[in-house]
Amino acid sequence: MEVIIRPDKEKAMELVAKLIINAVREKPSLVLGLATGNTMEPLYAKIAEIHKREKVDFSLCRTFNLDEYVGLKAEHRNSYRHYMNEHFFNKINIDLRNTHLPSGTAKDLDRECEKYEQKMKECGGIDFQLLGIGKSGHIGFNEPLSAFFSRTRVKALTPTTIAQNSPLFDRPEDMPKRAITMGVGTILEAKRIVTLVVGSSKAEILAKAVEGPVTSMVSASALQLHSKCVVIADEKAAANLQGRDYYRWIFNNEPEWDEFR
Ligand code: GLP
């Protein structure tokens with residue numbers, strides 16, 4: 001795992017935007033794993049802006065989102081399908097038929113999860129997985145104790161996650177208590193993972209995920225097992241990391257990051 005610290009959330013987000021754009025330029029038919037949440041909103045706006053300015057072509061790109069709430073129709077303003085269309089897909093030239101999210105209203109949810117895994121496989125697997133980290137340490141909606149070998153399935157949400165996300169609902173009590181999520185095992189199969197974490201509210205959980213023991217109590221700590229994972233954080237989210245100086249040195253000196261300085 002590599003950790004990159006940028007001075008503020010704009011710089012962190014800009015770096016992730018560039019990595020995604022570069023990946024799409026390198027492989028136009030990129031299979032992109034996507035995340036939702038407040039952290040990603042300005043990121044998607046930034047990518048859309050670069051797409052417009054520099055004519056980046058998303059027409060062949062395929063996407064798979066991490067998760068969707070159980071019980072919300074695609075048209076519901078809090079569904080992740082709605083979020084993705086509003087914040088990203090409608091702003092770039094992607095073919096909506098190439099964008100995938102599990103359906104939270106499928107009659108047979110287990111079958112829906114199996115189909116989702118199958119579709120990913122048919123596309124050759126995820127090339128580039130974008131992640132955020134929830135306050136409970138989740139990636140996707142893999143709440144504490146999610147098996148590291150878990151696949152796409154229905155997961156009950158923790159009180160921490162419900163407290164974090166329910167204010168986004170008109171009536172907070174309407175937030176679903178379950179979600180379909182790719183498993184930790186599914187996520188770990190991505191060829192490359194980029195995790196964006198910003199703000200002081202994430203400092204404690206980020207330190208646990210990156211420098212703490214690998215434990216299913218903190219799903220994001222599973223990322224330590226991945227051979228090509230970078231965590232991009234702003235100074236606020238990085239505040240509790242022991243290795244801050246080393247991580248800053250990496251960004252300032254390693255050739256891999258030359259073009260981004
Ligand atoms: C949701 C998503 C996660 C995301 C998390 C972080 O719970 N399921 O994939 O990482 O939100 O959200 P935020 O960026 O709003 O802190």
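No experiment lies behind these values; they were computed from the predicted model shown. Just follow the structure's listing: the first ligand is 1, and inside any ligand the first atom is 1.
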| field | Contact check, Lys202 vs ligand 1, heavy-atom distance below 4.0 Å | value | yes
| Side chain, backbone, both or neither: the part of Gln164 lying under 4.0 Å from ligand 1 by heavy atom | side chain
| field | Proximity of Tyr246 and Trp249 rings by center, below 6.0 Å | value | no
| task | In sequence, state the C-alpha distance, the side-chain angles, and the governing distance for Lys236 and Asp8, and then conclude on salt bridge (Lys or Arg N to Asp or Glu O under 4.0 Å). | result | CA-CA 8 Å; Lys236 286 185 175 158; Asp8 51 43; over 6 Å; no
| said: If I apply the N/O under 3.5 Å rule, does Thr36 come out as touching ligand 1? | reply: no
| Atoms in ligand 1 with a heavy atom of Thr39 nearer than 4.0 Å | 13 (P), 14 (O), 16 (O)
| Which atoms of ligand 1 have any heavy atom of His138 under 4.0 Å away? | 1 (C), 3 (C), 5 (C), 7 (O)
| message | Under a 4.0 angstrom heavy-atom cut-off, which atoms of ligand 1 come close to Gly132? | response | 10 (O)
| query | So, Glu49 and Lys52, do they make that salt bridge, N to O below 4.0 Å? | reply | no
| remark: Looking at Gly140, Ala220, Ala179, the heavy atom closest to atom 9 (O) of ligand 1 belongs to Gly140
| field | Short N-O contact, Glu143 and Lys155, less than 4.0 angstrom | value | no
| Any N or O of Gly37 that comes nearer than 3.5 Å to an N or O of ligand 1? | no
| query | Are Phe88 and Tyr83 close enough that their ring centres sit under 6.0 Å apart? | reply | no
| Is ligand 1 under 4.0 Å from a heavy atom in the side chain of Leu131, in the backbone, in both, or in neither? | neither
| message | I'd like to know if Glu122 and Lys119 make a salt bridge, using a cut-off of under 4.0 Å between side-chain N and carboxylate O. | response | no
| task | Using side-chain hydrogen bond (donor to acceptor under 3.5 Å, both in side chains) as the criterion, list what pairs up with Asp108, not counting sequence neighbours. | result | none
| Contacting atoms of ligand 1, where contact means under 4.0 angstrom from a heavy atom of Phe141 | 7 (O), 8 (N)
| query | ligand 1 versus Asp67, non-hydrogen atoms closer than 4.0 Å: side chain, backbone, both, neither? | reply | side chain
| Quick one: does Asn165 get an N or O within less than 3.5 Å of an N or O on ligand 1? | yes
| query | Near Tyr80, which atoms of ligand 1 are under 4.0 Å from a heavy atom of that residue? | reply | 1 (C), 2 (C), 8 (N)
| task | Specify the protein heavy atom at minimum distance from atom 15 (O) of ligand 1: its residue, its atom name, and the distance to 0.1 Å. | result | Asn38 N, 2.8 Å
| Could you give all pairs that pass the side-chain hydrogen bond (donor to acceptor under 3.5 Å, both in side chains) test and reach residues 213-228, with sequence neighbours left out? | none
| field | Aromatic ring proximity, centroids under 6.0 angstrom, Phe58 and Phe89 | value | no
